[in-house]
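In each ligand, atom 1 is the first atom listed, and ligand 1 is the first ligand listed. Note: hydrogens, waters and symmetry copies are ignored here, and every other heavy atom, side chains too, is used.
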Amino acid sequence: MVRHAIEFSFEMGENGMRLTGKVIIIGGGAGGSGEAVSRRLAAEGAHVAIGDFDFDGAERLAAEIGDKASAHRFDLRDRASITAMIESVAAVQGRLDGVHMIAGNPTAMPHDADLLALDFDIWQSQIDAHLYGYAQAAKTAIPLMTGGGSIVFTSSNSCRGVDVTRLGYQTAKAGVETMTRHVARRYGKQGIRCNTLSYGMILTERAKAGLPQKFIDAGLANAWSPRLGKPDDVAGIATLLHSDDGEWITGQVIDVNGGALVRG
Ligand SMILES: NC(=O)c1ccc[n+]([C@@H]2O[C@H](COP(=O)([O-])OP(=O)(O)OC[C@H]3O[C@@H](n4cnc5c(N)ncnc54)[C@H](O)[C@@H]3O)[C@@H](O)[C@H]2O)c1
């Protein structure tokens, strides 16, 4: 039997995670976990295009990060604005390597409680933002990622039975998890990877201000961790997924949840 010597080569970029020179759009990159992802990807060497409907916030963050960042106005509920943002970033930067969709639509949640009380306008607003919005982002980005690329969506553990409220939201997020596998399989051979980060409770400033304490206590009780999640927990795994070190990871829904769904 002939044995072939296999040579392993592993070139680390100057920043460790091999992101240098990549252009990555963060949809919802001005606040919460999006801000942490924007800061970390820029620190690892990428150009971050920070898209947000809080354009002032995106501009402030881009100015703070410096010449590795740019600010873009978009609203996840407006598909034309998603296309415009992605096309303009690719045209101005001359390449597109990553799209990370974080923005969501939590405002409707109090009116999204159960099926018999279902308001179809609320249902539609959830589907529009999470499903149409994320699909539009991937549909626009894939043909522009001529050198391959990484798409990351954001989901919620709640779509897998953590609680029985938020029907439209959870249904839309379940669709995002399914779309992840479609994109990964359909476009994988052309070098496109697609993964979803599915969050447990991440204590952003907005979550701290808006969530009732008993909800936060329940989140902590569910997690196999001494603490709840923080935005930087998302930034670390996002960095891996967008870097060359994540090249063999695709089609995955990765829980960032302190083990909250582990039972038995
Ligand atoms: N924080 C949590 O505990 C938690 C849990 C499960 C899932 N999620 C998911 O995380 C995402 C939100 O991230 P977060 O909680 O870290 O921070 P967040 O809610 O502060 O949102 C991040 C950024 O998205 C922007 N944004 C919101 N709606 C937008 C829209 N329609 N168009 C453009 N930008 C918009 C915000 O201005 C903000 O800068 C959502 O997809 C949500 O479903 C969060």
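Although no hydrogens or angles enter the test, the distance criterion places no donor-acceptor pair under 3.5 Å between the side chain of Arg60 and the main chain of Phe55. At least one donor-acceptor pair closer than 3.5 Å links the side chain of Gln252 to the backbone N or O of Thr250.
No side-chain N or O of Arg181 forms a donor-acceptor pair with one of Asn195 less than 3.5 Å apart. Side-chain N/O atoms of Arg160 and Ser198 include a donor and acceptor closer than 3.5 Å. Side-chain N/O atoms of Ser33 and Tyr199 include a donor and acceptor closer than 3.5 Å. For the residue pair His182/Thr180, the side-chain donor-acceptor check at 3.5 Å is not satisfied.
Among the atoms of Tyr169, some N or O lies under 3.5 angstrom from an N or O of ligand 1. The shortest N or O to N or O distance between Tyr199 and ligand 1 is not below 3.5 Å. Taking any N or O of Gly34, backbone or side chain, none lies under 3.5 Å from an N or O belonging to ligand 1. For a threshold of 3.5 Å applied to N or O pairs, the pair formed by Ala207 and ligand 1 contains no separation below that value. On a distance-only criterion, Met201 and ligand 1 share no N/O pair closer than 3.5 Å. Between Lys173 and ligand 1, a contact under 3.5 Å exists for at least one N or O pair. Where the criterion is an N or O separation shorter than 3.5 Å, residue side chain and backbone included, Gly29 fails it with respect to ligand 1. In terms of N/O distances under 3.5 Å, ligand 1 is approached by Ser33.
Within ligand 1, the atoms closer than 4.0 Å to a non-hydrogen atom of Tyr134 are 41 (O), numbered from 1 in the order shown. Listed by atom number, the atoms of ligand 1 under 4.0 Å from Gly32 heavy atoms are 16 (O), 17 (O), 20 (O). The ligand atoms of ligand 1 that sit less than 4.0 angstrom from a heavy atom of Phe74 are 32 (N), 33 (C). Which parts of ligand 1 touch Leu76 is read off a 4.0 Å heavy-atom cut-off, strictly below it: atoms 30 (C), 31 (N), 32 (N), 33 (C). For ligand 1, the atoms sitting less than 4.0 Å from at least one non-hydrogen atom of Ile202 are 1 (N), 2 (C), 3 (O), numbered in the order shown with element in parentheses. Applying the 4.0 Å criterion to heavy atoms of Arg206 picks out, from ligand 1, the atoms 15 (O), 18 (P), 19 (O), 20 (O).
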Quiz item: Ile151 and Ile142: side-chain contact (heavy atoms from CB on, under 4.5 Å), yes or no, with the steps?
Solution: CA-CA 9 Å; Ile151 295 170; Ile142 288 167; 3.7 Å; yes
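Of all the heavy atoms of Thr204, the ones lying under 4.0 Å from any atom of ligand 1 belong exclusively to the side chain. Residue Val234 does not touch ligand 1, judged by heavy-atom distances below 4.0 Å. Residue contacts with ligand 1, taken as heavy atom pairs separated by less than 4.0 Å, do not involve Phe55 at all. Heavy atoms of Ser155 found under 4.0 angstrom from ligand 1 belong exclusively to the backbone.
Using a 4.5 Å heavy-atom threshold, the side chains of Tyr132 and Arg79 count as touching. The shortest distance between side-chain heavy atoms of Met201 and Ile216 falls below 4.5 Å.
The residues Lys173 and Glu177 are annotated as not salt-bridged, no charged nitrogen and carboxylate oxygen being separated by less than 4.0 angstrom.
Counted within 6.0 Å of CG on Asp67, heavy atoms from surrounding residues, nucleotides or ligands total 12 or fewer; the atom is thus considered open.
With His242 as reference, His100 is the one residue of His100, Arg40, Glu44 to meet the side-chain hydrogen bond (donor to acceptor under 3.5 Å, both in side chains) rule.
Using a non-hydrogen distance threshold of 4.0 Å, Gly200 registers as a contact of ligand 1.
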